[in-house]
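Chain identifiers are assigned alphabetically (A, B, ...) following the order of the sequence lines, protein sequences preceding nucleic acid strands; residue numbering begins at 1 within each chain.
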Amino acid sequence: MRSRINDFAIKLANVNGTGSASANGLIMQAIFRMGVPVSGKNLFPSNIQGLPTWYEIRVNPKGYTARALDYDLMIAMNAQTYERDVQEVRSGGYLLYDSSWPLDAELHREDVNFIGVPLARLCNEHFREPRERILMKNIATAGALIALLNIDGAVVEQLIEEKYGRKKALRESNKRALQLGADYVREHFSCPLDFHLETMDANGDKILIDGNTATALGCVYGGATVAAWYPITPATSVMDGFKEFCEQYRKDPKTGENNFAILQAEDELAAIAMVIGASWNGARAFTSTAGPGVSLMNELLGLAYYAEIPAVIIDVQRVGPSTGMPTRTQQGDLLECAYASHGDTKHILLIPANPAECFHFAPKCFDLAERFQTPVFMMSDLDIGMNDWVTPKLTWDDGYVPDRGKVLTAEQLESTSKYFRYLPENGTAVAARTLPGVHSKGAFFTRGSGHNKFGGYTEVPDEYQEVMDRLLRKHKEAAGWVPEPIIEERAGARVGVITIGGCDPAVREALDILGDTGRPLDYMRIRAFPFHAKVAEFLADHDYCYVVEQNRDGQLCSLLILETPVAKEKIRPVLIYSGFPLSAKHVIDVITAPDVITGKAQELNAVYS
Amino acid sequence: MRSRINDFAIKLANVNGTGSASANGLIMQAIFRMGVPVSGKNLFPSNIQGLPTWYEIRVNPKGYTARALDYDLMIAMNAQTYERDVQEVRSGGYLLYDSSWPLDAELHREDVNFIGVPLARLCNEHFREPRERILMKNIATAGALIALLNIDGAVVEQLIEEKYGRKKALRESNKRALQLGADYVREHFSCPLDFHLETMDANGDKILIDGNTATALGCVYGGATVAAWYPITPATSVMDGFKEFCEQYRKDPKTGENNFAILQAEDELAAIAMVIGASWNGARAFTSTAGPGVSLMNELLGLAYYAEIPAVIIDVQRVGPSTGMPTRTQQGDLLECAYASHGDTKHILLIPANPAECFHFAPKCFDLAERFQTPVFMMSDLDIGMNDWVTPKLTWDDGYVPDRGKVLTAEQLESTSKYFRYLPENGTAVAARTLPGVHSKGAFFTRGSGHNKFGGYTEVPDEYQEVMDRLLRKHKEAAGWVPEPIIEERAGARVGVITIGGCDPAVREALDILGDTGRPLDYMRIRAFPFHAKVAEFLADHDYCYVVEQNRDGQLCSLLILETPVAKEKIRPVLIYSGFPLSAKHVIDVITAPDVITGKAQELNAVYS
Amino acid sequence: MPSIVKPLVAHPSLARNELGLTIRDYEGSMSTLCAGCGHDSITAAITRALWELSTPPHRLAKLSGIGCSSKTPTYFVSGAHGFNSAHGRMPAIATGANAANRELTYLGVSGDGDSLSIGIGHLCHAIRRNLNMLYVIENNGVYGLTKGQFSASSDVGSKSKKGEANRMSPIDPVQLALSLGATFVARSFSGDKQQLVPILKAGLAHRGFAIVDVISPCVTFNDHEGSTKSYRYTRSKQHVATESDFVPPASEIVAEIVQSGQTHITMHDGSVLRFTRVPEDYDLHSRQAALSYLKEHQGEIVTGVLFADESVPDMHEMNNTPQVPLATLPFAKLCPGSGELAKLMEDFR
Amino acid sequence: MPSIVKPLVAHPSLARNELGLTIRDYEGSMSTLCAGCGHDSITAAITRALWELSTPPHRLAKLSGIGCSSKTPTYFVSGAHGFNSAHGRMPAIATGANAANRELTYLGVSGDGDSLSIGIGHLCHAIRRNLNMLYVIENNGVYGLTKGQFSASSDVGSKSKKGEANRMSPIDPVQLALSLGATFVARSFSGDKQQLVPILKAGLAHRGFAIVDVISPCVTFNDHEGSTKSYRYTRSKQHVATESDFVPPASEIVAEIVQSGQTHITMHDGSVLRFTRVPEDYDLHSRQAALSYLKEHQGEIVTGVLFADESVPDMHEMNNTPQVPLATLPFAKLCPGSGELAKLMEDFR
Ligand SMILES: Cc1ncc(C[n+]2csc(CCOP(=O)(O)OP(=O)(O)O)c2C)c(N)n1
Ligand SMILES: Cc1ncc(C[n+]2csc(CCOP(=O)(O)OP(=O)(O)O)c2C)c(N)n1
Ligand code: SF4
Ligand code: SF4
Ligand SMILES: [Mg+2]
Ligand SMILES: [Mg+2]
């Protein structure tokens, strides 16, 4: 059995639109400030009010923050899902419910401890406004958790101070509600529970941030000036964040003018068009979207690829196909983004695993887009983008100089005899570009139609092919510039586990457990496409590799097979794609018991081997 | 040396918009009527008037009708391209030019015979209207060819009669112009040339038709009633043809009403939306488009896939990416169509090789779309779609019954206790659908958002996954229903050549030549995705296989590798993608001299092996 | 939205329509919108209108795009097929559906985001085609489902919840529709069921494209001080230009209508839209009159049926399609058969 | 289109503009359009307008979509960057371009297919943003490049080359733009260079979105009897509502203008659009007046500057961006640096 201090998982079941988010955040943040590694996963519906929403908190002294699938404590506040929620508590665990009304006998479980707290009654007695009563119920619940889990009261008090500062009334009612909940459970139950928190110091230099906020900040730091977007879950908060940070950092102190422009486009076709227009004109420009948006951008992505115009697309992936499950997570757009648009195209993808990488990859996206004059996707996802992650404090190297690629200045053009847009110097893969407005000698005609290396329109086969072949070389060359994979080797391992993005913590935890139980496996997290040379090396160095990813069709597997020399039978897909963040258990189950492998993975294995 | 009777290639270089098309067609058709196997490739610009356009005619007694790359006779009527055109004549060949003006000495070639005909002068002398003079120059050229190539004068006369029937003036001036050209060359040169035509009987039951016309006819015969489209080269003539045939066959004889609706949509997003709407309502509906259109349809293709709505998309492929070369041919949309849209999706593709298959695959597309309730693409291309091909006469089996798939009638619904949209009977992969307006019991809510097997909205992981897994099974099942590959084996062959679509004649010719020179190779033409079981068998049965396709990235190779168990190193890409139809030489060059393999193929080989 | 099933036991005393159905038979699953959302009131009005018209549930096709508004077709007439399609594409999907089966009643529900941004092209072209459908825009001036961004119908100066003012000129669906030739144009307010129900009925009876812009406050993101789409603002600025009631086709009452001397419009199916209030000199058949009236009352929210023209051919007439649905034509009528093909082949020699 | 290079030797006697450039310096490569195509005349007018305005070639950005019309930016000012983008997307691409660099002169060329079908949404929204650009629609009523299908500007009853009559109501870009709040709206005719050149110049000088609908016959597919976009038809129906000339900014002549008592509009840059003919009672600042005038002259092709308003903020003003191009801001102004980040990190604990 694991230690019961700082090592457990709880789940709060609520109805959305009732204000539970703020109470959840309060608990999460308090635990974080206690120095305990923690993660919070918000499992929310695609709706504004009235539907089931869950919040899972896991604490772990070693820093394993992937989802746990069995819960020590369920806070069951939603009658709609009560029946299902009760089943999810581990045997011997606890369930907290609102005992203002008697518990339905049918929902009882012998092996679970029920903690009844008359939350509604308490709040009705102590608060007057109907809306306040609803909101404070959540806070009172948080109060109960403070007592049950031994959350540091001083930390919570401090948080309340920071949050409500001058709003005295709110501050007071929050405090009162917290007290109500805490007092009641302290009076009626033995507190804290056998599993609970104790202050430690594991979060030293860390922060609590979500990926979209970090991405937004990365775009500010990367020097993006034009952002075009169309609202879509789960990408909206990238732009909300960008706006907020721009308001903070990009207002000219003298004139009050905005050193940025955020354009809410009429649709995603317009959003990518604006990015292309702005990039063509020399700005660092980006859009943030999700799968449906990328699908709509397909035609123009081909234009940017073929006419060689930088463009940065933040794809915060959600569950597809079609509208799918907008508030659930998946890594289902890999193939679409890698080869987006008709005709022969290949794009660059950066794949962050956590908010810190979101931050650092954002400027990198611009660097690569400008160096290679092509669209670059950041493949984030809902889990990374919208959940709070404990991550190392973000830092910035003031020595960073944006890589603007080859852009000719007026002086350079003045001294050029004749400029040709698509004619790179001595056989390199990228030709210098020019910006409108700089010099007449740099003028050329950008087009998505057939063109030769001089930039002229062509329908001549060889001329067309020459440019297309160079584009392929260019994509290949990018492999030397993208972030390397993260590789971690264990003594004695002959088999590898490959993964991407937000699967990271679950895979690491799984490998630790497997390693501890005598099954050492090497780890590689891929961070970009085209694949860095080390990816192929890793594949070559192992007998075979599991590939853990969150989609049905093994999209990363497909890319590995198509774009590295690996033999197909060396790839073993581990596909978890039903929409919730990954847990170590998912990974271990497949690796240790190949017969419980998902149907699809079996099929893929059949095809690959 | 090959025989000089009925075995040669000529090329006519013209300026577009000057009426050369009708003269070209006349020659082509006359040769066809002489019973000689012939093909005509129209290499035209993306423009309406004034740019270079070529027409290539190849005749071959054995029926090899792929492009020949060296020309016995060049009819050089375009000063813009004269210089290049002269170079394309084979050594010892002929060049016909307009000798109204003296020939530029620099353009001379010692090893080519020059035939000067003062076409402009002759026409100026005999015709008065400026426009007529231009048009008749082309006809006079045709006259010269009649004499030079020994084209049957009676056949030509008959064609003129058929074409201009009652338009006496036009008929007469055409005849006069033909005579002018013929007389002049007969007088000044020894006619016919050493290579020329002789009547034979190789076209017995054949017709001359382009693929788009055949596709259109197939859609009429397949029972399509709603067609939605947005104009785009090279797909436009599908809809022109559909309209024409509908006017001919689908006007109600009593009421004069149209038993069809053709909707010119505002864009391709609307076109596919209309197809989806009409199919949802029970009509057989289709759209015709090209790559840019498919890119725009991406989002809705995912909707149709996920909500399981039939849709037929005719993709007449052209050269991408982006606008690319709209009047050049390529097979560059395979990957995009196979996996179109974000999230996990897989679609059905039918890949015709000639107009006859276009005709027969069209009803098949509807059958598959309705049986599997999913989008089905017909992957045609510009070469097949817009060039005239000699094909077996189209025939129709009056016993054909459309496969509408599982659609519940009012009676069936009446007797059902409760209907669930996505719940197939006993584990089959496709559930019965219902049509609006039939019965309240069949009512359900179609949505692209998460749904469970009952058709209800869901965000529950397992419920979502259950449906997604069935969709994968469904796609797999379709492999048993699509057209089988065409396989032709040669004694002693251990290596295969795989191809698709319009590459067919060039590949066959190449294999004949290689077979005759002691290198027997087996042939397989794939006609659909998902791959029929025989595709994997063929791959398994050969040491390795060349894959001949017209795109840069080896898209068919990719699909074979991802979707069959074949080992990557068994796949050898032969990629010809600069936009003109394939010739046997392209194929032979690669197969016989792997060192002249294109750069890309080398790379792919490096990756695959 | 999970389809929360409502108990379907109708109270015996509930009124029955011509089909013998009660209003409960026109309801759908429970709404999952925010309590107080304007859209729910429109759902109620639609339910009522369809019940009063005695539209057979299964002869109705409900279509929508994506958004809170677009969710609502789940909440009425569960006996009808519904299609919650993709963001902005509903008008085009409805066009295809209608082309295939002209006999159904088409009711599209959309939002201001869905219709005036991503979907505006399809809307404009559905108008051009005079597609026979009722198109309801549940207009709240924001993107509700994505949490409150300004939509293209936001007025200049209207404030977001965070206090930011919109600066771009709004697209008014009513003016847009009038200028593009829509054949039935109305505006109403979700809070004014009395006005809305007859308008919806007339829109359903109209032959051609009937567009009804319904101001429908978003209580969560756009019902605050400074918003020009809030309940308070809309109530205070609503200007009822025309009032009407809808008289189903029935000869005995036509006489009465004509007698009354009031303005009326006879719909294509013989029903009558009887106006109890029309401003003096206002010509219901003149787009120009409607536009001028809107101009004169700038700053107010002009509601009512503002324009109607029953004389314009709809998409099917323009395409000369048969009266029966194309989707139900027997295959024998569609396939010319082997004989015709053999004949045709002669043209390709 | 192959860029067929023209000889660039200017005749010494050619007039020079303020920059010392001749009109040849404003030409592009040789047109590959059909001989007689209206679009070529517009190209000539654009060339002239830019030359007369002395726009530095490299400070011009030429953007277009796809179509015969959209090819034309290759045919003028080869010293300017051009962008022949994707079908219908030009307004959105121009929006991004303009956002990045407000200092260039933006000239968009589009067709009726490009602008009124696939691209109509972007056009509508560029209008809402009052994007500072001149947007020329070369309107021929057909899809020229795809060989003559009806476009959305085809009039009811206008006949195709094959004799088929269009039945759908047209979208008139002028009315659309007026009703969406465009700040400069004009119509002209490719055959009337005298009218067109000053309109183009004014449109270029206008601060905000200037849309000029130019009827531009397609000689190959829409210049026949029965077409309402043919040369003949347009000539016979052209109704010149306003006539104007354009006076570049120069104080000495302003006095003269004011003296003359004629109507004039002072553009944002100080230049003046002087009207030599405006119908009585016609208010150039009133959308309603323009719309009514169009209505009164239905059946005619009303040309001239029909509406202008220099007072509306453009996209940059609405977004409060600096006067210098965003694209040229030094990185130091954009990146808050490590210190600020360290401070900010405290908020995430
Ligand atoms: C292609 C695409 N882009 C974006 C979205 C995200 N999205 C969902 S609803 C919506 C806006 C809805 O606004 P509106 O139509 O006004 O409906 P409301 O919620 O206000 O009723 C958006 C942008 C989407 N579903 N699909
Ligand atoms: C996405 C896409 N769909 C279709 C086309 C084909 N296409 C090229 S030009 C054109 C229409 C052009 O019409 P218009 O804008 O009126 O220009 P015109 O040729 O008449 O000047 C179309 C449909 C395309 N290039 N891209
Ligand atoms: S967010 Fe607004 S529009 Fe959506 S349900 Fe809530 S109140 Fe209605
Ligand atoms: S087809 Fe028409 S629009 Fe195109 S170039 Fe020719 S005349 Fe002009
Ligand atoms: Mg809205
Ligand atoms: Mg046009």
When A:Pro461, A:Ala290, A:Gly579, A:Gly302 are compared by non-hydrogen pairs under 4.5 Å with chain B, the top option:
A:Pro461

Among A:Pro45, A:Pro292, A:Gly332, who wins on heavy-atom pairs under 4.5 Å with chain B?
A:Pro292

Is B:Glu83 atom CD crowded by more than 12 heavy atoms from other residues, nucleotides or ligands, each under 6.0 Å away?
no

Which atom names give the shortest non-hydrogen contact between B:Ile313 and B:Pro375, and what distance separates them?
CD1-CB, 4.0 Å

Can you see which heavy atom on B:Ser46 is nearest to which on A:Tyr457, and at what distance?
CB-OH, 3.6 Å

What part of B:Leu303 gets within 4.5 angstrom of chain A, counting heavy atoms only: side chain, backbone, both, or neither?
both

Interchain contact, B:Gln330 with chain A, by part (heavy-atom threshold 4.5 Å)
side chain

Counting heavy-atom pairs under 4.5 angstrom with chain A, the leader among B:Ala307, B:Gly324, B:Ala536, B:Ala304 is B:Gly324

Out of A:Glu268, A:Glu466, A:Arg328, which one racks up the most heavy-atom pairs below 4.5 Å with chain B?
A:Arg328

Check each atom of A:Arg84 against the heavy atoms of chain B and say whether the ones under 4.5 Å are side chain, backbone, both or neither.
side chain

Under 3.5 Å, is there a donor-acceptor pair linking the side chains of B:Asp85 and B:Asn78?
no

With chain B, which of A:Ser295, A:Gly293, A:Gly343 has the greatest number of heavy-atom pairs at distances under 4.5 Å?
A:Ser295

Side-chain H-bond candidate by donor/acceptor type, A:Asp381 with A:Gln317, under 3.5 Å
no

Quick one: do B:Glu308 and B:Arg470 make a salt bridge, cutoff under 4.0 Å?
yes

Hey, do the aromatic rings of B:His451 and B:Tyr306 have their centres closer than 6.0 Å?
yes

Proximity breakdown for A:Glu463 and chain B, heavy-atom pairs closer than 4.5 Å:
neither

Scan side-chain atoms only and decide if A:Tyr305 and A:Gln373 contain a donor-acceptor pair under the 3.5 Å cut-off.
no

Between chain A and each of B:Ser578, B:Ala340, B:Gly320, count heavy-atom pairs under 4.5 Å; write down the option with the most.
B:Ser578

Who among B:Leu335, B:Asn298, B:Asp344, B:Thr323 has the most heavy-atom pairs with chain A under 4.5 Å?
B:Asp344

Heavy-atom distance under 4.5 Å to chain A: side chain of B:Leu269, backbone, both or neither?
side chain

Heavy atoms only, distances under 4.5 angstrom: which of B:Ser341, B:Ser322, B:Gly450 has the most pairs with chain A? Name it, please.
B:Ser322

Between A:Tyr577 and B:Asp469, do the side chains contain an N or O donor and an N or O acceptor separated by less than 3.5 Å?
yes

